[in-house]
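In what follows, a single structure is set out as structure tokens and then discussed.
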Amino acid sequence: MSIHFAKYHGLGNDFILIDNRSSSEPLVTPEQAVKLCDRNFGIGADGVIFALPGEHGADYAMRIFNSDGSEPEMCGNGIRCLAGFLANLDNNTHKNGTYRIQTLAGIITPQITSHGRVRVDMGVPKLLAAEIPTTLCPTDQKVINQSMDVAGQSWSVTCVNMGNPHCITFVEDVAAIPLEIIGSQFEHHPVFPQRTNTEFIQIVRRDYLKMRVWERGAGATLACGTGACAALVAGVLTGKCNRTATVELPGGCLEIEWSLDRLYMTGPAERVFTGQF
Ligand code: ZDP
């Protein structure tokens, strides 16, 4: 069987999008996804995303495999790319470009705005230790400015679940962080039973954050949408930033807003090429 795909990226966080509307099961296995994501032996991507039929009032469902074959619950840059992919499939005829997408983290609602930018209602962050999940604190407590040891150093971390787990630490200079060395030590630290995504954040101003990310299951990536949202939440919880801010990632900027309880993320989604395998 030949499968058609489109390659998309959101600020350099890149994905292989598969039209999976004909089946409620992903058309490729996690093992095949690992091969497709390989940058030398495959198409090359940080993950594979499937556009599946929706149920229970959702327009579509999204599933994603990381480049290591693991399956995250949510993916912020990925859902913007999915919205762009769906708009292309339906020739922009869908309700105001707004899609209700079922994910393993609940319903997420991306809306296509002008110039191919996408604004996403990312839902409500979860903050209790049991919800992250992490054993850094008692299960019913928020994980704010907790210290943990990684690579022989003590780090003050704040944890946020945006559907997927995030561990945030504020630093003076993100450029100085040896991401390749310490990233996977955070990811696999025993205090995170589901592993974790890790964000290093430099507060430039109260409304401008610089971020570098080590993603669970994908390593250092150029951007992470759920991570940018988690970083803003951590900045607000620790009194370091405003509820609306620009987050600058290696691949470019995302606009993040924490309104009453929900997070909104706005950023680009770009189509690169299509093909079949
Ligand atoms: O939680 C995880 O395992 C992440 N690797 C999922 C992907 C997150 C993503 N980079 C984002 O933008 O939220 C796609």
Side-chain angles (χ1 to χ4, degrees), residues 7-18 26 30 33-34 37 44-51 62-85 101 103-106 108-110 117-123 125-126 131-134 159-168 179 183-184 186-189 192-201 209 211-234 247-256 263-270:
K7 178 79 192 290
Y8 273 78
H9 77 89
L11 303 178
N13 189 196
D14 58 345
F15 303 97
I16 298 162
L17 276 291
I18 293 182
V34 171
C37 288
D46 292 325
V48 179
I49 292 177
F50 306 91
M62 171 175 86
R63 285 182 60 187
I64 164 173
F65 294 147
N66 283 320
S67 55
D68 76 350
S70 60
E71 179 168 15
E73 305 80 354
M74 232 308 267
C75 172
N77 284 321
I79 207 158
R80 293 201 317 278
C81 293
L82 178 70
F85 180 65
I101 310 284
T103 73
L104 298 182
I108 305 288
T109 317
R117 284 174 74 78
V118 185
R119 175 176 160 90
V120 187
D121 175 346
M122 297 281 283
K126 296 197 214 92
E131 299 174 316
I132 302 301
T134 178
C159 297
V160 177
N161 183 299
M162 284 303 308
N164 51 359
H166 293 271
C167 171
I168 293 99
L179 199 57
S184 79
F186 276 93
E187 178 183 356
H188 296 281
H189 199 286
F192 300 114
Q194 307 281 330
R195 302 192 282 155
T196 193
N197 296 286
T198 306
E199 287 81 26
F200 297 92
I201 307 295
L209 281 48
M211 159 171 155
R212 285 175 75 203
V213 54
W214 180 269
E215 277 189 40
R216 175 181 68 169
T221 59
L222 295 177
C224 178
T226 50
C229 292
L232 180 106
V233 170
V247 180
E248 180 193 312
L249 299 117
C253 292
L254 290 172
E255 306 303 327
I256 312 291
L263 266 295
Y264 295 88
M265 167 193 70
T266 306
E270 284 168 47

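Order of listing sets the numbers, starting from 1, for every ligand and every atom in it. One is the number of the first residue; the rest follow in order along the sequence.
For atom 12 (O) of ligand 1, the nearest protein heavy atom (residue, atom name, distance) is Gly225 N, 2.6 Å. Looking only at heavy atoms of the protein, atom 3 (O) of ligand 1 is closest to Arg216 NE, 2.8 Å. Regarding atom 14 (C) of ligand 1, its nearest protein heavy-atom neighbour is Cys75 SG, 2.4 Å. Closest protein heavy atom to atom 8 (C) of ligand 1: Glu215 OE1, 3.6 Å. Ranking the protein heavy atoms by distance from atom 1 (O) of ligand 1 puts Asn197 ND2, 2.8 Å first.
The shortest side-chain heavy-atom distance between Met74 and Met62 falls under the 4.5 Å cut-off. Under the 4.5 Å side-chain criterion, counting only non-hydrogen atoms from C-beta, Glu73 is in contact with Pro165. Looking only at side-chain heavy atoms (C-beta outward), Leu104 and Glu71 come within less than 4.5 Å of each other.
Interface of Thr226 with ligand 1, defined as ligand atoms under 4.0 Å from a residue heavy atom, comprises 8 (C), 11 (C), 12 (O), 13 (O). Within ligand 1, the atoms closer than 4.0 Å to a non-hydrogen atom of Met74 are 6 (C), numbered from 1 in the order shown. In the vicinity of Asn13, heavy-atom distances shorter than 4.0 Å reach the ligand 1 atoms 9 (C), 10 (N), 12 (O), 14 (C).
Between Gly76 and ligand 1, an N or O atom pair is found at a separation short of 3.5 Å. Taking any N or O of Ala218, backbone or side chain, none lies under 3.5 Å from an N or O belonging to ligand 1.
The SG atom of Cys37 sits 4.5 Å away from atom CD1 of Ile16, with the distance rounded to the nearest 0.5 Å. Note that the CG atom of Asn164 and the OG1 atom of Thr226 stand 3.5 Å from one another [nearest 0.5 Å].
There is no side-chain donor-acceptor pair under 3.5 Å between Asp46 and Thr221. In this structure, a donor-acceptor pair under 3.5 Å is absent between the side chains of His189 and Thr196.
Within the 4.0 Å heavy-atom cutoff, Asn66 counts among the residues contacting ligand 1.
Counting heavy atoms closer than 4.0 Å to ligand 1, residue Asn77 contributes atoms from both its backbone and its side chain. At a 4.0 Å heavy-atom cut-off, ligand 1 touches Phe15 through the side chain alone.
Across Val213, Thr198, Val233, Asn197, a single residue satisfies side chain to side chain contact (heavy atoms under 4.5 Å, CB included) together with His166, and that is Asn197.
Checked against the 6.0 Å centroid threshold, Phe65 and Phe50 count as a close aromatic pair.
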